[in-house]
Amino acid sequence: MKIIWLGHSAFRIEIEDAVLLVDPWLQGNPMFPADRLDEALTGATHILLTHGHGDHAGDAVEFSARLNVPIVCIHEMSDLFAGEGSQTLGMGKGGTVDLNGAMVTMVNACHSSSVDFRTPFAIAGSEAGFMIAGEGHTIYVSGDTDIMADMDWMGDYHKPDIGILACGGHYTMDQKRAAYACRRWFNFTAVIPCHYKTFGRLAQDASVLIAELPGVDVVEPQVMVPIVM
């Protein structure tokens, strides 16, 4: 299994027979090298969206058409994009889909969701995260969220061993809050921070997360460098 950070909250996850592009905002993403776009997209089988904001969903329709792959997202956003001609696979929180052997469950998040990057502005259902299970691992992709009580049962029920956590602060939980959630509700062997470094308002490194989680492998990802699990 490979987890490849594409900058901000975008990831390429190669698991089972799936290649999942999670929140693949790449064009205009200041962290992503534009000359490596083809490399990041090649072989993708599905696009997963946690919510509709432009720094997560802004490239989804274009990439879906380019790759001829479906957008997997919450029902209302899937209807919106399908009405514009995109391939979509809509689902609801608590639903699980088999994506080429990777079992992907949509779970709750605490944020907001709208297609805010074009006119007309549209509400896009509600925000979500994902539990992605395969190859002996379960990855928790938090999406944009604050701490929430749902993390209690999510950690107990899904038992994820890898956390991909939005923790840059300002728009999401910061690293102290993310570390608190990890200590209280999860038993991660590895934590990968995201939604940080991109803009000046966000945390620029993971030093706080590392200091708050002794004994946990906090992996500061490098763009386009695979993390092999």
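These numbers were taken from a predicted model, which means no experiment stands behind them.
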> What's the shortest heavy-atom distance between T50 and G143, and which atoms?
Replying inline: CG2-CA, 3.9 Å
> Are the side chain of E135 and the backbone N or O of E16 linked by a donor-acceptor pair below 3.5 Å?
Replying inline: yes
>> Taking atom CG as the centre, does D205 end up with more than 12 heavy-atom neighbours from other residues, nucleotides or ligands that are less than 6.0 angstrom away?
In response: yes
> Considering only heavy atoms from C-beta outward, does the side chain of M224 approach that of L6 to under 4.5 Å?
Replying inline: yes
>> Using 0.5 Å steps for rounding, measure from the OG atom of S9 to the CG atom of N29.
In response: 9.0 Å
> Do the side chain of K93 and the main chain of E127 share a donor and acceptor less than 3.5 angstrom apart?
Replying inline: yes
> For S64 and Q87, which heavy atoms make the closest approach, and how far apart are they?
Replying inline: OG-O, 3.9 Å
> Is there side-chain contact between I4 and I227, with heavy atoms separated by less than 4.5 Å?
Replying inline: no
>> Looking at T45 and A18, would you say the former's side chain and the latter's main chain have a donor-acceptor pair under 3.5 Å?
In response: no
>> Ring-plane angle category for W5 and F11, please: parallel below 30°, perpendicular beyond 60°, tilted otherwise.
In response: tilted
> Atom CE of M103 and atom CZ of F130: how far apart are they, to the nearest 0.5 Å?
Replying inline: 14.0 Å
>> Rounded at 0.5 Å granularity, tell me how far OH in Y171 sits from NE2 in H195.
In response: 8.0 Å
>> Are V61 and L20 linked, directly or through intermediate hydrophobic residues, by side-chain heavy-atom contacts shorter than 4.5 Å (ILVMFWY only)?
In response: yes
>> Could you measure the distance from the CD1 atom of I123 to the CD atom of E76? Nearest 0.5 Å is fine.
In response: 11.0 Å
>> So, taking the atom named CD1 in I162 and the one named CD1 in I3, what distance separates them when rounded to the nearest 0.5 Å?
In response: 4.5 Å
> What closest approach, in Å, do L48 and P24 show between heavy atoms, and which atom pair accounts for it?
Replying inline: O-CD, 4.3 Å
> What distance do L37 atom CG and D59 atom CG have between them, rounded to the nearest 0.5 Å?
Replying inline: 8.0 Å
> Relative to the ring of H158, is the ring of W153 parallel (under 30°), tilted (30 to 60°) or perpendicular (over 60°)?
Replying inline: tilted
>> Taking the ring centre of each residue, are H8 and F32 less than 6.0 Å apart?
In response: no
> Between the side chains of H56 and D144, does any donor sit under 3.5 Å from an acceptor?
Replying inline: yes
> Any chance CZ of R201 has more than 12 other-residue heavy atoms, nucleotides or ligands included, within less than 6.0 Å?
Replying inline: no
> Step by step, would you call E84 with R118 a salt bridge (Lys or Arg N to Asp or Glu O under 4.0 Å)?
Replying inline: CA-CA 14 Å; E84 300 169 354; R118 64 187 187 187; 2.7 Å; yes
> Can you check whether L202's main-chain N or O pairs, donor with acceptor, with Q204's side chain at less than 3.5 Å?
Replying inline: yes
>> Main chain of G125, side chain of S113: is a donor-acceptor contact present, judged purely on distance under 3.5 Å?
In response: no
> Within a radius of less than 6.0 Å around NZ of K176, do more than 12 heavy atoms belonging to other residues, nucleotides or ligands occur?
Replying inline: no
> Is a donor on one side and an acceptor on the other found under 3.5 Å between the side chain of T198 and the backbone of Y196?
Replying inline: yes
> Is the backbone N or O of T42 less than 3.5 Å from a side-chain atom of R12, with the two atoms forming a donor-acceptor pair by type?
Replying inline: yes
> Just by modelled atom types, is the C110 backbone N or O under 3.5 Å from a matching donor or acceptor in the T145 side chain?
Replying inline: yes
> So, the side chain of D217 versus the backbone of A190: is there a donor-acceptor pair under 3.5 Å, distance only?
Replying inline: no
